[in-house]
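Worth saying up front: this structure is predicted, and the values here are computed from it rather than measured. Convention: sequence-line order gives letters A, B, ...; per-chain numbering from 1. The analysis underlying the following values was restricted to heavy atoms, covering all of them including side chains, and did not include hydrogens, waters or symmetry mates.
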Amino acid sequence: MIPQEELAKIASAEKEKQSKFEYQIRVCMAAGCLSQHKDQIKLALEAAVKEQGLEDTVKVKGVGCMGLCAQGPLVSVEPGNILYEKVSPADAAEIVAGLDKKPVERLRCDNQQPFFTRQVRVVLENSGVIDPENIEEYITADGYEALGQALTEMSPAQVIDEIVASGLRGRGGGGYPTGLKWSTVAKAISDRKYVVCNADEGDPGAFMDRSVLESDPHRVLEGMAIAGYAIGANMGYVYCRAEYPLAIERLKQAIRQAKRLHLLGESIFGTGFNFDVEIRLGAGAFVCGEETALMASIEGRRGSPRPRPPYPSDHGLWGEPTLINNVETYANVAPIIRNGGAWFAGIGTESSKGTKVFALAGQIKNTGLIEVPMGTTLREIVEEIGGGTTTEAGFKAVQTGGPSGGCIPEKHLDTPVDYASLAKLGSIMGSGGMIVMDHTSSMVDVARYFMEFCMSESCGKCIPCRVGTAQMYNLLTKIAKGNGTIRDLELLEQLCDLVRSTSLCGLGQSAPNPVLSTLRYFREEYLAKLVDTTSPNGKTAPDGHAS
Amino acid sequence: MSNATVAVPSDDKRWKLVNATMRRNGFRPDALIETLHTIQESFGYLDDKALTYVSEALGVSPSQVYGVATFYHFFNLKPKGKHVCSVCTGTACYIKGSGALLEKIEEKYGIKAGGTTADSSLSLLTVRCVGACGLAPAVVIDSEVSGNQTIESTLSKLEEVLKS
């Protein structure tokens, strides 16, 4: 039997099962909403359905993240495209009773607002729509079709060509061309190769990968299996943070389900291609997001990075050629194979293709998860989609890229979001955390916060990072407390340069970024905190720049 | 070096779970972190006895086991209190005042982050980011995440938990 038929059979059986229901009530069961209601809303809705004798016509199901965390818990009703916000278990009876009459107006959430209409969903296409704990639903939404297509109709080289044509670049922050990475590992000669998924989402303030894993885990597995076929690997590891218990649970379940249907494991679709996936848990070390440290951790060792080359593509896990991509990168693979690289390349900008998922947080009205085409401006994201700041103090800066990124001020908000433009501003795309700050936030404190983070997350292997971050933290503390001098500021800038140029891995090399970007755009805040702005040689620096 | 015949430290049934993890990974040295996770999940923390046992069973030197156990923030080498309160110090929570929240809890219970009260009723921890940034500031009390916290709401929740 050919795979497409096999999948179509599962899909049609599932569709038939669902078609007997007139209404679907979808309850967000991702970590954000779940933290507010446990499973009480779902249980209350199920009870209300039973009480009103509608079990045969109404289906209550748990789904992944619907995006607008700020208004959670969220519940949606289909057909009708109705979204309810801030739902409590007490509202269940009213929601069920209103199904074929009038929707419950007091709970309505406007899903025609820019937050929803301005998004383009590729990675999150199933998020909030399908039940992440049910593989049949994923298959109904064209799931595993791309894997079948790749295995039966395409050669590994054709798969890689399609990824190259798509222009997809690494979504973990580096932005390395994915197709190039795949073809490098494919060319490496070895009997054993590995596919690794980096789900060690360490940036504080970022939760894209968590949401993808919780809302649509099969999509990541499918992407990994396609990658395995393309590069010639039979084993994959997902390295996931232990801080995400729900994501781990859903992923484990997804692996079990996929194996049951022979979509993972031996001779997938009867083609003779074997691919297995195991989960490895992180243990709270930010540095393990760096690929060589991550591999050391999978091997059961301390997460210390090592110099590159050799790159993982020829000397990776257990010395074998290894492909490492981030969760969101793998999540883009299946739609690219399904719709073609050219389709994907049609979204986004010249140098940055496709969409990007961002986690909006901080002093912004619509906190939550969004996906927009590359090239969308920061202003559109913050003001239109995000709804602007929550406080009267007004917008001051948006922080992208976490501890490796920078703070972008108001005057640069019209910058389009792509890899090059953000780098030009002294920040980075990063993995997708976007934190909005208002005028109550002191930029010196923010820089100090990130430096504290880098200092305590430094693995200690190389001196510039281990000692440099500690010294920079001390200087920032001195300045923040109002005891710093212009000499301290100069020393801080020298250290930024030194740590950036001489650290072993990305953690140290990018640790100065939050300091440098706040100095670049908010230097006056540093100067205002100094005891005197007189430089050691007696010249003052009225223009705000150390002479 | 590794072998499955090393005697377990005690007849505590939880060691069976630990052994199951090691067996699943063929008692290979790379099972170290996975095994430490199982021990912490089962016993709450990693003591010397447990570290020595893992070292022998997986054939990994004691210094390497200790090195790994102390390198990763997630592992505790000391027992935690009956209840655990973790304040998220991720960027979004920081911007929304998790620092002040932490200070108030420290002040009220007379412990610093990372510490446990003298009567072992409460351990106070900080976590880097629980990924609930949309609901900042977030606090995790006994593995239950609560979002949009204020000083009042967290302190009253803690009081409630400690009474139970």
- With rounding to the nearest 0.5 Å, note down the distance linking NZ in B/Lys96 to CE in A/Met437. 12.5 Å
- Parallel, tilted or perpendicular, as decided by the 30° and 60° cut-offs, for the rings of B/Tyr94 and A/Tyr449: parallel
- Is it true that atom NZ of B/Lys108 has more than 12 heavy atoms of other residues, nucleotides or ligands lying nearer than 6.0 Å? yes
- Task: Evaluate the criterion salt bridge (charged side-chain N to carboxylate O under 4.0 Å, His left out) for residue pair A/Glu452 and B/Arg128; output intermediate values, then yes/no.
- Result: CA-CA 12 Å; A/Glu452 191 276 330; B/Arg128 277 308 183 191; 3.7 Å; yes
- Can you tell which part of A/Ala242 gets under 4.5 Å to a heavy atom of chain B, answering side chain, backbone, both or neither? both
- Task: Can you tell which part of A/Arg210 gets under 4.5 Å to a heavy atom of chain B, answering side chain, backbone, both or neither?
- Result: side chain
- Side chain / backbone / both / neither for A/Val436 at chain B, heavy atoms under 4.5 Å: backbone
- Query: Looking at A/Glu201, A/Glu243, A/Glu299, A/Met208, which has the largest count of heavy-atom pairs under 4.5 Å with chain B?
  - Reply: A/Glu299
- Query: Would B/Tyr66 and B/Ser55 count as having a side-chain donor-acceptor pair, cut-off 3.5 Å?
  - Reply: no
- Can we call the ring centroids of B/Phe75 and B/His37 under 6.0 Å apart? yes
- Message: Regarding B/Asp119 and B/Thr117, do their side chains bring together a donor and an acceptor under 3.5 Å, going by distance alone?
- Response: yes
- Task: Between chain B and each of A/Arg301, A/Arg280, A/Lys38, A/Gln36, count heavy-atom pairs under 4.5 Å; write down the option with the most.
- Result: A/Arg280
- With a 4.5 angstrom heavy-atom cut-off, could you sort out which part of A/Leu68 is near chain B: side chain, backbone, both or neither? neither
- Query: Do A/Thr391 and A/Gln363 have side-chain N/O donor and acceptor atoms under 3.5 Å apart?
  - Reply: no
- Message: Under 4.5 Å from any heavy atom of chain A, what part of B/Val130 do you find: side chain, backbone, both or neither?
- Response: backbone
- Item | Nearest atoms (heavy-atom pairs only) where A/Cys459 meets A/Pro305 | SG-CD, 3.5 Å
- Query: With only heavy atoms counted, which part of A/Ile279 is less than 4.5 Å from chain B, the side chain, the backbone, both or neither?
  - Reply: backbone
- So what's closer than 4.5 Å to chain B heavy atoms on A/Arg241: side chain, backbone, both or neither? side chain
- Message: Heavy-atom cut-off 4.5 Å, strictly under: side chain, backbone, both or neither for A/Thr440 against chain B?
- Response: neither
- Message: Quick check on A/Asp445 against chain B: is it the side chain, the backbone, both or neither that has a heavy atom closer than 4.5 Å?
- Response: both
- Message: For A/Phe286, which atoms come within 4.5 Å of any heavy atom of chain B: side chain, backbone, both, or neither?
- Response: neither
- Task: Find the distance between SG (A/Cys28) and CD (A/Glu214) and round it off to the nearest 0.5 Å.
- Result: 8.5 Å
- Item | Contact origin within A/Ser211 toward chain B - heavy atom pairs under 4.5 Å | neither
- For chain A, the option from B/Ala136, B/Ala132, B/Gly67 that forms the most heavy-atom pairs under 4.5 Å: B/Gly67
- Select one option (side chain, backbone, both, neither) describing which atoms of A/Leu281 are under 4.5 Å from chain B's heavy atoms. both
- Go through the atoms of A/Ala30 and report whether side chain, backbone, both or neither lie under 4.5 Å from a heavy atom of chain B. neither
